[in-house]
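Contents: one structure, followed by commentary.
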Amino acid sequence: MYIPNQSSLKKRQEDAHYQVMHILHKNPQLTQRELSQKLGISLGKLNYCLKALAKKGLIKIGNFNQSNTKAKYIYLLTPQGIAKKTMMTKDFLRRKIEEYESLREEINSLKSEILLSDEKK
């Protein structure tokens, strides 16, 4: 049974925070339900993430009246949030490039194995 270590959990949390901030930066008017669907996470996890980002001062949660009977929330990145998102984007990209390079090496290794196996037949 795989038990994730602290480093792995922290990276996943950072990735979730990055993804939330990335989407909200482009679409601050999304509802929590719409955002959770886009991210493929539960409403509860999203709500926890939004509260954590707000507590860190990275997003501001405001409400406005959508109509006479309903209130709707808007999620805005703060200037600190925009700066943090930029740093997170660079880190996210670096890690994805490393993953890509690792996968490419593994694919090339597997291709070589198959070619050697086919030559022996």
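- Looking only at side-chain heavy atoms (C-beta outward), Gln19 and Phe92 come within less than 4.5 Å of each other.
- In terms of hydrophobic clustering, with Ile, Leu, Val, Met, Phe, Trp and Tyr side chains grouped at heavy-atom distances under 4.5 Å, Ile59 and Tyr48 are assigned to different clusters.
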Practice item. Start with the C-alpha gap between Ile23 and Leu30, add the side-chain angles, then the distance that decides, and say whether side-chain contact (heavy atoms from CB on, under 4.5 Å) holds. Key: CA-CA 9 Å; Ile23 291 172; Leu30 286 177; 3.5 Å; yes
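- The side chain to side chain contact (heavy atoms under 4.5 Å, CB included) check on Lys51 picks up Asn47, with sequence neighbours excluded.
- Side-chain contact check for Leu50 versus Leu24: some heavy-atom pair is nearer than 4.5 Å.
- With sequence neighbours left out, Asp15 forms a salt bridge (charged side-chain N to carboxylate O under 4.0 Å, His left out) with Arg95.
- Using a distance-only test at 3.5 Å, with no hydrogens or angles considered, a donor-acceptor pair links the side chain of Ser112 to the main chain of Asn108.
- Contact of the Ile74 side chain with the Leu76 side chain is registered, since non-hydrogen atoms from C-beta on lie closer than 4.5 Å.
- For Ile97, the side chain to side chain contact (heavy atoms under 4.5 Å, CB included) partners two or more places apart in sequence, or in a different chain, are Leu93, Glu101.
- Gln13 has its side chain out of reach of Leu9: every pair of non-hydrogen atoms, C-beta onward, lies at least 4.5 Å apart.
- In this structure the side chain of Lys84 never reaches within 4.5 angstrom of the side chain of Lys56, judged on heavy atoms.
- Lys38 has no carboxylate O lying under 4.0 Å from a charged side-chain N of Glu34, or vice versa, which leaves the two without a salt bridge.
- Between the side chain of Ser109 and the backbone N or O of Glu105 there is no donor-acceptor pair closer than 3.5 Å.
- Checking side-chain atoms of Ser36 against main-chain N and O of Leu46 turns up no donor-acceptor pair under 3.5 Å.
- One hydrophobic cluster, built from ILVMFWY side chains closer than 4.5 Å, holds both Ile82 and Leu58.
- Residue pairs meeting the ring-ring contact (aromatic ring centres under 6.0 Å, His included) criterion with at least one member in residues 97-119: none, sequence neighbours excluded.
- By the salt bridge (charged side-chain N to carboxylate O under 4.0 Å, His left out) test, Lys96 is found to be paired with Glu99, residues two or more places apart in sequence or in another chain being considered.
- With a 4.5 Å cut-off on side-chain heavy atoms, Leu35 and Val20 count as touching.
- Side-chain atoms of Tyr75 and Lys60, non-hydrogen and from C-beta on, never get closer than 4.5 Å to each other.
- Applying the ring pair (Phe, Tyr, Trp, His ring centres under 6.0 Å) criterion to His22, with sequence neighbours excluded, gives Tyr18.
- Residues Glu14 and Asp91 are in side-chain contact: their nearest non-hydrogen atoms beyond the backbone lie under 4.5 Å apart.
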